[in-house]
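Take a look at the structure set out below.
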Amino acid sequence: MKPGRLGVGIIGAGRVGPVLGAALAGAGHAIVGINATGADAVERAEAVLPGVQILDVPTLVERSELVLLTVPTEELAELVAGLAATGAWQPGQLVVHTAAEHGIEVLRPAYERGAIPIALHPAMTFTGTTLDLSRLLETVVAVTAPGPVLPIGQALAVEMGAEPMVVDEADRPAYAEAVATARDFADGIVAQAMRQLHEIGVERPARVLGGVVRSAVEMALARYPDPPIEP
């Protein structure tokens with residue numbers, strides 16, 4: 001099962017929303033518009049999605065067949081419930097969020113009104129630029145969805161250029177913790193090493209550390225290979 005050409009509305013113009021919108025547009029979907037608050041968000045949206053319409057949230061939801069929610073995690077539940085309270089969600093509409101720690105339960109107010117809930121989390125750190133489109137090609141997307149529509153979530157991940165990986169609802173918190181641990185550890189260690197090199201007068205510490213960090217990560221990943229898949 002593969003989603004056909006869809007009208008996609010994006011709520012949230014941080015580093016993730018415009019990039020995933022561009023990836024879906026590249027797969028043939030039509031971007032209805034994006035909700036962007038603040039000059040930086042508008043500038044980012046227009047840079048990654050040239051010509052995109054900046055629309056308010058109710059208009060986006062009304063016009064879209066797929067609503068992509070890329071707001072901060074702490075705002076997600078309130079946003080979904082608020083739109084449900086106004087009767088905005090439509091039967092058969094795909095509602096997709098990108099929060100690592102949540103599965104589809106956070107979307108319950110939407111699917112109680114007939115929408116189709118899907119959780120997609122790309123396991124990568126976004127820059128918010130078109131550079132992320134090539135990085136998606138090497139990325140796994142955690143997919144959580146009801147059984148009958150799981151193939152739609154997997155197909156959307158593939159259309160973004162990524163590899164889908166099914167994560168059960170109950171396992172989303174553990175998955176999110178693992179991803180955050182790796183991200184935060186790497187960020188902290190690199191920042192400390194950068195400071196140390198800067199203090200001794202190294203002019204381009206990022207260039208010095210780039211090869212070390214990349215090769216070390218590659219060796220660590222090779223040291224702990226994926227376990228064999230049981231038949």
Discussion item. Would you say that Val179 contacts His121 through its side chain, given a criterion of any heavy-atom pair below 4.5 Å between the two side chains?
Written reply: yes
Worksheet item: What distance do His97 atom NE2 and Ile11 atom CD1 have between them, rounded to the nearest 0.5 Å?
Response: 13.5 Å
Fill in: Rounded distance (nearest 0.5 Å) linking atom OG1 of Thr181 with atom CG of Asp184
7.0 Å
Practice prompt. Check the pair Val95 / Leu69 against side-chain contact (heavy atoms from CB on, under 4.5 Å), numbers first and verdict last.
Written response: CA-CA 7 Å; Val95 182; Leu69 305 175; 3.8 Å; yes
Worksheet item: How far apart are the closest heavy atoms of Val149 and Pro117, and which atoms are they?
Response: CG2-O, 4.3 Å
Item to complete: For residues Met124 and Thr139, report the shortest heavy-atom separation together with the two atoms involved.
Response: SD-OG1, 3.5 Å
Worksheet item: Between Ala145 and Ile118, which heavy-atom pair has the shortest distance, and what is it?
Response: CB-CG1, 4.1 Å
Practice prompt. Could you tell me whether the side chain of Thr144 and the main chain of Gly103 form a donor-acceptor pair under 3.5 Å?
Written response: no
Worksheet item: Can any side-chain N or O of Gln93 pair as donor or acceptor with the backbone N or O of Glu65 at less than 3.5 Å?
Response: no
Response to the item:
Exactly one candidate in Leu68, Leu6, Val8 meets side chain to side chain contact (heavy atoms under 4.5 Å, CB included) with Leu94; the answer is Leu6
Discussion item. Taking the side chain as everything from C-beta on, heavy atoms only, tell me whether Tyr175 gets closer than 4.5 Å to Glu101.
Written reply: no
Worksheet entry | Candidate list Val140, Leu20, Val19, Asp132, test side chain to side chain contact (heavy atoms under 4.5 Å, CB included), partner Pro122, passing option | Leu20
Worksheet item: Hey, any chance Ile152 and Val158 share a hydrophobic cluster, counting ILVMFWY side chains that come within less than 4.5 Å of each other, even indirectly?
Response: no
Item to complete: Kindly say whether Val61 contributes a backbone atom to a donor-acceptor pair with the side chain of Ser64 at under 3.5 angstrom?
Response: no
Worksheet entry | Minimum side-chain heavy-atom gap His198-Met194 below 4.5 Å | no
Fill in: Nearest heavy-atom neighbours spanning Arg44 and Ala13
NH1-O, 2.6 Å
Discussion item. Could you measure the distance from the CD atom of Gln53 to the OG1 atom of Thr59? Nearest 0.5 Å is fine.
Written reply: 10.0 Å
Item to complete: Assess whether atom CD of Glu74 is packed by more than 12 heavy atoms of other residues, nucleotides or ligands within 6.0 Å.
Response: yes
Worksheet item: Is the number of heavy atoms from other residues, nucleotides or ligands under 6.0 Å of Glu177 CD greater than 12?
Response: no
Worksheet item: Where the side chain of Arg172 meets the backbone of Ala99, is there a donor-acceptor pair that is under 3.5 Å apart?
Response: yes
Discussion item. Let me check something: do Val96 and Leu49 share a hydrophobic cluster, defined by ILVMFWY side-chain heavy atoms less than 4.5 Å apart, either directly or through other members?
Written reply: yes
Discussion item. Please check: side-chain N/O of Arg113 versus main-chain N/O of Pro91, any donor-acceptor pairing under 3.5 Å?
Written reply: no
Practice prompt. Indicate yes or no: at least one non-hydrogen side-chain atom of Met165 is less than 4.5 angstrom from one of Val141.
Written response: no
Discussion item. For Val52 versus Ala45, what's the shortest heavy-atom pair and its separation?
Written reply: CG1-O, 3.9 Å
Worksheet item: Can you find a heavy atom in the side chain of Thr70 that is under 4.5 Å from one in the side chain of Arg15?
Response: no
Practice prompt. Report the distance from atom CG of Asp187 to atom OG1 of Thr125, rounding to the nearest 0.5 Å.
Written response: 8.0 Å
Fill in: From Leu209 atom CG to Arg204 atom CZ, the distance as rounded to the nearest 0.5 Å
12.5 Å
Fill in: Within one Ile-Leu-Val-Met-Phe-Trp-Tyr cluster: Leu66 and Val16, side-chain cutoff 4.5 Å
yes
Discussion item. Quick check: do Ile104 and Pro146 have side-chain heavy atoms less than 4.5 Å from each other?
Written reply: yes
Discussion item. Are Leu60 and Leu120 linked, directly or through intermediate hydrophobic residues, by side-chain heavy-atom contacts shorter than 4.5 Å (ILVMFWY only)?
Written reply: no
Worksheet item: Hey, any chance Val57 and Leu55 share a hydrophobic cluster, counting ILVMFWY side chains that come within less than 4.5 Å of each other, even indirectly?
Response: yes
Worksheet item: Counting only N and O atoms by type, is there a donor-acceptor contact under 3.5 Å from the side chain of Trp89 to the main-chain atoms of Glu112?
Response: no
Worksheet item: Under the side-chain contact (heavy atoms from CB on, under 4.5 Å) criterion, do Ile10 and Asn35 qualify, and how do the steps go?
Response: CA-CA 6 Å; Ile10 306 163; Asn35 177 254; over 6 Å; no
Worksheet item: If every non-hydrogen atom of Met160 is compared with every non-hydrogen atom of Leu24, which pair is closest and at what distance?
Response: CG-CD2, 4.0 Å
Discussion item. Are the side chains of Glu169 and Glu105 in contact, using a 4.5 Å heavy-atom criterion?
Written reply: yes
Worksheet item: Quick one: CD on Glu163 to CG on Leu136, what's the gap to the nearest 0.5 Å?
Response: 12.5 Å
